[in-house]
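So the structure is just underneath, and the comments pick up after that.
Position 1 is the first residue of the sequence, and the numbers go up from there. Predicted model only: the values in this text are computed from it and were never measured.
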Amino acid sequence: MTWIVQNLWLVPVLPTFAAGINALLKQRSRIAAASLAIGSMALSFLLSLCAFAHVLGNRGGEVVLTQNVRWFQFGNEWLKLGWMLDPLTAVMLVMVTLVGLLIFIYSVGYMAHDENFTRFFCFMALFAGAMLGVVIANSLLLLFMCWEIVGLTSYLLIGFWYAKPEAAAAAKKAFIVTRIGDLGFLIGMVWLYAQTGTLLLYDGGAGCLEQSSLTHLVAQTTILGMTASAAIGILIFCGAAGKSGQVPLHVWLPDAMEGPTPVSALIHAATMVAAGVFLIARIYPLMGAHAGTLLTPTIALQVVTWVGAFTAVFGATIAVAQYDIKRILAYSTVSQLGYMMMGLGVGGVAVGMFHLITHAFFKALLFLGAGSVIHGCSDEQDIRRMGGLRKYMPITFAAYAVGMLALCGFPFFFSGFWSKDEILHAAHNWSISQAPFYMGAFGALLTAFYMTRQVYYVFAGNSRLAMASKDSHSADAHHASGIPHESPAVMTIPLVILAAFAILLGFIGTPAWPWFQSFLEDKPATFSFAAFSTPGILPVMLSSSLLVFLGLGLGWWFYGRKPIETAESPDALGELQPSIFTVLGHAYYVDTLYGATLIRLNNWWSRVCDWLDRWVWNGAVQTVSYFVLGVAWLDDFFDTNIVNNGFDDGCQSVSRGGQILSLLQGGRIQTYLRIIGCALIALVIFLLWGAKA
């Protein structure tokens, strides 16, 4: 056991410890707070690189390295926790710490004028530490504990500007909706423990993801003939769907944009939403325990696939009709998370995780780029009030363009192309149905379209910011300064670094050199252009490329061909199909539907419970209490008037008898002699009377 495995716990503990110290710092200790958070993430990044290097150098050896420790004992059993190092852990550690570090550095500039700067870095460090705990956990219980800390810190960060009612509401919404999914996760975890007797993932052959446990779970059947492994996998997927914004638990994710932009970047790129996809990748042996290969996917994997495919299209269609720059990216994240889930279902861990890693970098780039735009436009977020920013913010524009092309999957030169195409190719070969492939292809077309729309609105044409500031009828006119400006270097340098990764990362997972896939599967990677001749690869690449160009062309046709003149100009797509555009703009009215059904039902049920509590349960309690009081009154009456009176009368009789007898005990001999004499006379009379008789 090498030192890096034994000390891997330091990776999450360092930022968590920094968060603890920041919590004790005074509000004015801004430099110390930022230094602690950034320094802890930098050290965690270095340790993650060491872990990655160890796994890389250990190819062909033991794949999963674990360190388990006893936590506490109940009866004769010990509950153990532990951490693990395998290729999946190593990749995730490097991604989370690197992207998190860049976001932390960016935050120094973005949050420079916020009065709660110190508190912000406290929450961010705790957020990162919790996510890193999820990544290294070798116990589902430890993973769940860190998972819940992620949920807590997301609540604190989304509602960071708690004085805004929208931010407070969004924080509560995120916390409650994700808890709904976590309930399924908890039930699945308890069921898994009941079946296997352990929550350790790997434990020398006795872990719940190892062959002995999986064989037992496959042998058990439950409702609808599902194996226990599939049923437990679906329950755990509920928690993943909540964290990763899958339909129908996606509604919290767009509202999470109320938090500061670095929070949005951290949530949507490296931490919270990635946790759900990572969880499914981590328990993948359980999800496909009796499948053996993806040619015969289990019901659990089919559920993951269909939910992911539907979410991919659902999020993309909504993004088409949004005007908030961050909300467009939020629905894009919903869509891309659907792709990742679909990739896990149809292609396995390597397929889904490759898109997760590439997406982390270009989505962090897009969110931080959006933050740079918002910062340069004096907190304006409505894309209709922007325009012409290319000449004012050249660095931000160049970086954002790279992120946009990577997200669209522009052929060959950007990472999103390779990771997205791998998912589409796996979906094309899925044995159950080709519907997910067509849904994913349609989502790719929409992605290119809505991102082109956003870029034309924000960066092309002339600035509409000054017009908005002069418009007295503008509700947000007071936010605009009229002159956009480039962000400081502390914000633009992370953008440039992320842009480089958004381009280069794709080349480690091409069909010619599938290094990433080989690394996760612990297989040797070979470089060969002959891989492109594999049946289905070139047709999928060609069709997806054509769809991307079609989406870019449609975006130009609607929004680039004719410059957008004013902030009040109608949307070109909205003019073409106003009713559909309205429905998409309101996100299919899902929130309204929930408000009219589930929330109304919950409110009605709460009133029923209140009525039951006040009049039924409280009435029953009051009845019992009155009965008890009546019994107590009767008892008091009986005790006072019968028992006490009888006892008192007896005591008085005894007392009077004693008083009379005490007269005989006066202590005078003369009295005693008189009594004896009287008694003697009485005795003589009695005897004489008896003799005569």
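Residue-environment remark: CG (Leu56) exceeds the threshold of 12 foreign heavy atoms within 6.0 Å. Residue Arg119 qualifies as enclosed at atom CZ: its count of foreign heavy atoms under 6.0 Å is above 12. When the shell of 6.0 Å around CZ of Phe175 is examined, it contains more than 12 heavy atoms from other residues, nucleotides or ligands.
For Asp571 and Arg384, the salt-bridge test fails: no basic side-chain N is under 4.0 Å from an acidic carboxylate O.
Residues Val351 and Met340 have side chains not in contact (no heavy-atom distance under 4.5 Å, counting atoms from C-beta outward). Put simply, the side chain of Arg464 reaches to within 4.5 Å of the side chain of Ile564, judged on heavy atoms. Looking at Trp147 and Phe185, their side chains come closer than 4.5 Å, going by heavy atoms from C-beta outward. Here the side chains of Leu8 and Val11 are in contact, with some heavy-atom distance below 4.5 Å. Ile149 places none of its side-chain heavy atoms less than 4.5 Å from the side chain of Met131. Looking at heavy atoms from C-beta onward, Ile136 lies in side-chain contact with Pro12 at the 4.5 angstrom threshold. You'll find the side chain of Val307 reaches within 4.5 Å of the side chain of Phe237, heavy atoms only. Using a 4.5 Å cut-off on side-chain heavy atoms (C-beta onward), Phe127 and Leu156 make no contact.
Under the 6.0 Å cut-off for aromatic ring centres, Phe361 and Phe501 qualify, their centroids lying closer than that.
Ring pair Phe121/Phe104 is perpendicular by interplanar angle, where above 60° counts as perpendicular and below 30° as parallel. Between His355 and His359, the two ring planes are tilted [angle within 30° to 60°]. Between His375 and His485, the angle of the ring planes goes over 60°, which puts this pair in the perpendicular group of the 30/60° scheme. The aromatic rings of Phe120 and Phe160 stand perpendicular to each other, their planes meeting at an angle above 60°, with 30° marking the opposite boundary. In this structure, His250 and Phe314 have perpendicular ring planes: the angle between them is above 60°, well past the 30° mark. Ring geometry for Phe414 versus Phe410: interplanar angle over 60°, hence perpendicular rather than tilted (30 to 60°).
Between the Gln322 side chain and the Leu584 main chain, a donor and an acceptor come within less than 3.5 Å of each other. Between the side chain of Ser139 and the main chain of Leu141, a donor-acceptor pair closer than 3.5 Å is present. The backbone N or O of Val247 lies less than 3.5 Å from a partner atom in the side chain of Thr311, making a donor-acceptor pair. Under the 3.5 Å distance criterion, the side-chain polar atoms of Trp252 are left unmatched by any main-chain donor or acceptor of Lys243. Distance alone, capped at 3.5 Å, is enough to place a donor-acceptor pair between the Thr118 side chain and the Gln27 backbone. Proximity of a side-chain donor or acceptor of Ser29 to a complementary backbone N or O of Leu25 within less than 3.5 Å is not detected. Looking at Ser244, its side chain never comes within 3.5 Å of a backbone N or O of Ala241 through a donor-acceptor pair. When atom types are taken as modelled, the side chain of Ser154 and the backbone of Gly151 share a donor-acceptor pair closer than 3.5 angstrom. Under a 3.5 Å cut-off, the side chain of Asn462 and the backbone N or O of Gly388 do not form any donor-acceptor pair. Here the side chain of Tyr155 pairs no donor or acceptor atom with the backbone of Ala170 at under 3.5 angstrom.
Note that the CG atom of Leu85 and the NE2 atom of His54 stand 6.0 Å from one another [nearest 0.5 Å]. The structure places CD1 of Ile21 at 9.0 Å from OG of Ser40, a figure rounded to the nearest 0.5 Å. Between atom CG of residue Leu157 and atom CG of residue Leu126 there is a gap of 8.5 Å, rounded to the nearest 0.5 Å. Phe45 CZ to Leu14 CG: the interatomic distance, rounded to the nearest 0.5 Å, is 14.5 Å. Between the OG1 atom of Thr358 and the CG atom of Leu504 there is a distance of 12.5 Å, given to the nearest 0.5 Å. Distance check, rounded to the nearest 0.5 Å: OG of Ser487 to CD1 of Ile493 gives 12.0 Å.
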Steps toward side-chain hydrogen bond (donor to acceptor under 3.5 Å, both in side chains) verdict (Asp324, Tyr331): CA-CA 11 Å; Asp324 186 302; Tyr331 280 110; over 6 Å; no
Verdict with reasoning, Val55 to Phe519, per side chain to side chain contact (heavy atoms under 4.5 Å, CB included): CA-CA 9 Å; Val55 174; Phe519 177 76; 3.7 Å; yes
Side chain to side chain contact (heavy atoms under 4.5 Å, CB included) assessment of His268 paired with Leu329: CA-CA 9 Å; His268 286 250; Leu329 297 178; over 6 Å; no
Leu495 vs Ile395, side chain to side chain contact (heavy atoms under 4.5 Å, CB included): CA-CA, chis, key distance, verdict: CA-CA 8 Å; Leu495 295 180; Ile395 300 176; 5.6 Å; no
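With sequence neighbours left out, the side chain to side chain donor-acceptor pair (under 3.5 Å) criterion links Trp161 to Asp114.
The minimum heavy-atom distance linking Cys408 with Leu552 is given by the pair SG-CD2, 4.4 Å. Listed here is the closest heavy atom pair of Met353 and Ala281: SD-CB, 3.8 Å. The two residues Ile325 and Val373 make their nearest non-hydrogen contact at CD1-CG1, 4.2 Å. The minimum heavy-atom distance linking Gly259 with Ser264 is given by the pair O-OG, 4.0 Å. Across all non-hydrogen atoms, the minimal contact from Leu143 to Val134 is CD1-O, 3.8 Å. Pairing each heavy atom of Cys122 with each of Asn22, the nearest pair is CB-CB, 3.7 Å.
A side-chain donor from one of Lys363 and Thr333 sits under 3.5 Å from a side-chain acceptor of the other. Between the side chains of Thr396 and Ser372, at least one donor-acceptor pair of N or O atoms lies under 3.5 Å. Checked by atom type, the side-chain pair Glu486/Thr492 shows no donor-acceptor distance below 3.5 Å. Side-chain atoms of Tyr450 and Ser332 form a donor-acceptor pair, as typed in the model, at a separation below 3.5 Å. Checking Thr261 against Tyr110 by side-chain atom types alone, a donor-acceptor pair falls below 3.5 Å.
Here salt bridge (Lys or Arg N to Asp or Glu O under 4.0 Å) pairs that include residues 134-158, with residues two or more places apart or in two chains, are Glu148-Arg179.
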Counting only pairs under 3.5 Å, give me each side-chain donor-acceptor contact of residues 86-99, with atom names and distances, residues two or more places apart or in other chains.
unit_1	atom_1	unit_2	atom_2	d
Asp86	OD1	Thr89	N	2.8
Asp86	OD1	Thr89	OG1	2.6
Asp86	OD2	Arg282	NH1	3.0
Thr89	OG1	Arg282	NH2	2.5
Thr97	OG1	Leu93	O	2.6
Thr97	OG1	Val94	O	3.2

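Annotation: cation-pi pair Arg453/Tyr323 present, NZ/CZ under 6.0 Å from the ring centroid and within 45° of its normal. For the pair Arg30 and Phe117, the distance from NZ or CZ to the six-membered ring centre is under 6.0 Å and the angle to the ring normal is within 45 degrees.
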